[in-house]
Amino acid sequence: MKVVIIIPTYNEKGNIDRIVPTLEEEIFPQIKNHEMAILVADDRSPDGTADQVKKLMEKWKNIDLISGEKQGLGAAYMRAMAYAIDRMGAEVMFEMDADLSHDPHKVPDFLQKIDEGADFVIGTRYSEGGSIPENWGLIRKIYSIFGNILIRIILMRFSIHDWTGGYRAIKKEVFLNESKKIKEVRNYTFQISFLHHAVQDGFKVAEVPINFTDRTMGRSKLAAKSYIIGVLKYCFIARFKELAFGPFGKFLVVGGTGFVIQFVIYNLFIKYASLPLAFGSWVAAQPAIFSNFNLNNLWTFKEDKSKGFLSYITKIVIFFFTSNIGVLFIQSGIIYILEYLFGRKYANFYFIFATAVLLVWNFTMYRFVIWRKKTS
Ligand SMILES: Nc1nc2c(ncn2[C@@H]2O[C@H](COP(=O)(O)OP(=O)(O)OP(=O)(O)O)[C@@H](O)[C@H]2O)c(=O)[nH]1
Ligand SMILES: [Mg+2]
C-alpha cells in the first residue's frame, strides 16, 4: 500500500532536519511491503522550515511539501490528508509530530496493525507498554492521565485508552468518510472528534503502545487551559448528541408522544366515566399504540421500515398484538391491582408507575421483535 507520513510543522526547522533523515535512512528501509512517502504540512513557518524541507526534497524524491495559512493543527491535517490522497495516491496516512515526541521506530508496529485489518491505529500512552515523559510536572501528568480517563467515561468508550494523542495511522476510507463531519479543527479536539466519528461509524480501531517523549528543540504550541475546556465541551456535546439523536433518544420522543396521548384520554375517562381505571387505561392505549407504531416506522427504525402495504399491515397487527400484551398484563394489570388495594384516589400515580414498568418491556419488544435487524 502507499503510505504517506504527514508531518505538520510550525517553526520546526531544527526538528524537521532530524526526523526526515531518521525516517528515510532508518525506518523506510525496514519496510518491505509498503511504499513509503513523507508530506510536510507547513503553515508558512517564519523560521524557514519550508526552505529546509526543500533542501531535503533534493536528496529524497519521496517527499512533498504543502504550505497554508496557520489555522490550527486540525486544519493543517485536513488539508494535508486530502492532498495525500488526491495527489500522492495515499492509502494509509500517518499523523506524526515533527518534534520527535513520536518515536519513528514505531512506524512498523502501526503498519503491522493495518496489515492485520485495522482502519485506524492509535499510538497510546496510557495502556500496557506506553508512557508519558517522567519529567513532566505533577499537574501536567494529572491532566494528561485523568483527562483521558474522563474522556473515556463521558464518551462511554472504554476500549480506547488514548483519545488525545497525535500519533496515528489512518486508512484513506476513514478520512473520506469522516472529514466532512469534523467541525473542530483548531485544537486537539480535532483528534478526539476524528476518532470518535470513526468509532461511531464502526471502523476498526487498534492500539500501539508508545513512549511519548518531550521535545528537546523548538517551542511548544500547547495552550493548556483553553485546550482542556475545549476537550470537555466537545465530549459533553458529542455524547449528548449521540444519546439524543440515537435510537434511544428517538424512542423517548416517540414514547413521550404516546404517553401524552394515553394520559390525556385516561384522564378524560377518570373524569367522565366511572369505568374501572384499568379498562380506561387499556382503551386509551390504543390510539397511543397507533401513534407509536407510525412514528417509529417512519423515524426511529426507518432503515428497517416496512415496505409495501401488506408488510405495513402485517407489522402493525403484530405491533398492536405485542404492545397489547404489555399494556394489558403489565400496565392495566398494575393499575388494576393498585385500584383494588388503594382505591381511585391516586389514579395518575398508578398510571405513571405502571407506564414506567411498561417502558422497559416495550423497548425490548420494539428492538428485538418488530424492527429487529436481519442477520444473514
Ligand atoms: N502546520 C501546522 N502545524 C502545527 C500547528 N500547530 C502545531 N503544529 C505542529 O504539530 C505538532 C505538534 O505540536 P506541538 O507544539 O509539539 O504540541 P505538543 O506535542 O502537544 O506540545 P509540546 O509539549 O510542546 O511538544 C508539531 O509538529 C507542530 O509543529 C499549526 O497550526 N499548523
Ligand atoms: Mg510536541
Side-chain angles (χ1 to χ4, degrees), residues 4-23 38-54 56 63-84 93-104 106-107 122-126 130-145 147-148 151 162-170 182 184-192 194 210-231:
V4 175
I5 310 246
I6 300 174
I7 307 173
T9 53
Y10 194 74
N11 290 342
E12 305 281 8
K13 188 178 174 180
N15 284 319
I16 204 75
D17 211 20
R18 297 196 293 166
I19 193 165
V20 169
T22 307
L23 284 167
I38 296 173
L39 172 61
V40 178
D42 183 56
D43 281 347
R44 306 210 173 96
S45 303
D47 74 345
T49 303
D51 294 330
Q52 194 59 40
V53 176
K54 282 175 192 151
L56 295 164
I63 306 174
D64 268 52
L65 168 70
I66 52 166
S67 303
E69 286 295 321
K70 185 163 165 35
Q71 293 167 323
L73 185 58
Y77 266 127
M78 288 292 129
R79 216 180 320 117
M81 288 188 182
Y83 180 95
M93 292 162 291
F94 271 77
E95 292 182 5
M96 186 188 279
D97 287 359
D99 58 9
L100 290 154
S101 285
H102 297 149
D103 181 4
K106 291 276 177 175
V107 166
I122 56 174
T124 165
R125 299 161 287 181
Y126 310 107
S131 66
I132 53 175
E134 266 173 30
N135 63 328
W136 272 7
L138 188 66
I139 299 294
R140 188 163 181 190
K141 278 184 181 159
I142 289 172
Y143 273 154
S144 175
I145 295 169
N148 264 282
I151 295 169
D162 195 337
W163 285 86
T164 50
Y167 194 2
R168 298 170 164 191
I170 299 158
I182 299 163
E184 272 292 335
V185 290
R186 270 175 299 114
N187 242 315
Y188 295 74
T189 42
F190 138 84
Q191 303 285 24
I192 307 173
F194 197 169
I210 58 163
N211 304 102
F212 189 88
T213 50
D214 250 346
R215 63 161 69 239
T216 52
M217 284 175 91
R219 281 247 321 275
S220 173
K221 286 111 207 158
L222 182 85
K225 205 168 149 198
S226 68
Y227 164 52
I228 293 160
I229 293 169
V231 166

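Counting convention: from 1, in listed order, for ligands and their atoms alike. One is the number of the first residue; the rest follow in order along the sequence.
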Show which atoms of ligand 1 fall inside a sub-4.0 Å distance from at least one heavy-atom site of [X].
X   : result
D43 : 1 (N), 2 (C), 30 (C), 31 (O), 32 (N)
E12 : 26 (C), 27 (O), 28 (C), 29 (O)
G72 : 30 (C), 31 (O)
D97 : 11 (C), 12 (C), 19 (O), 27 (O)

When only distance counts, is [X] in polar contact with ligand 1, meaning an N/O pair under 3.5 Å?
X    : value
Y10  : yes
Q71  : no
D99  : yes
K70  : yes
F212 : no
A76  : no

Whether the [X] and [Y] side chains hold a donor-acceptor pair (N or O, under 3.5 Å, no angle test) is what I'd like checked.
X    : Y    : result
E12  : Q52  : no
T164 : N148 : yes
S67  : D42  : no
Y83  : D64  : yes
Y167 : T124 : no

I'd like to know if the side chain of T49 and the backbone of S45 have a donor-acceptor N/O pair within less than 3.5 Å.
no

For the Mg ion (ligand 2), find the closest N/O/S atom belonging to D99 and write down its atom name.
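Closest to the Mg ion (ligand 2) among those atoms: OD2.
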
Separation between CH2 of W136 and CD1 of I142, rounded to the nearest 0.5 Å
13.0 Å

Is it true that some N/O/S atom of D214, main chain or side chain, lies under 2.8 Å from the Mg ion (ligand 2)?
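Short answer: no, not a single N, O or S atom is under the cut-off.
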
I'd like to know if K13 and D47 make a salt bridge, using a cut-off of under 4.0 Å between side-chain N and carboxylate O.
no

Heavy-atom closest contact (P46 atom, N11 atom, distance):
CD-OD1, 3.0 Å

Looking only at heavy atoms, which two atoms of Q71 and R79 are closest? And how far apart?
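Scanning both residues, the minimum pair turns out to be OE1-NH2, 4.1 Å.
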
Heavy atom under 4.0 Å from ligand 1: found in L73's side chain, backbone, both, or neither?
both

Heavy-atom contacts under 4.0 Å between A98 and ligand 1: side chain, backbone, both, or neither?
both

State if R140 counts as touching ligand 1 under the rule of any non-hydrogen atom under 4.0 Å.
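Right, R140 reaches ligand 1.
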
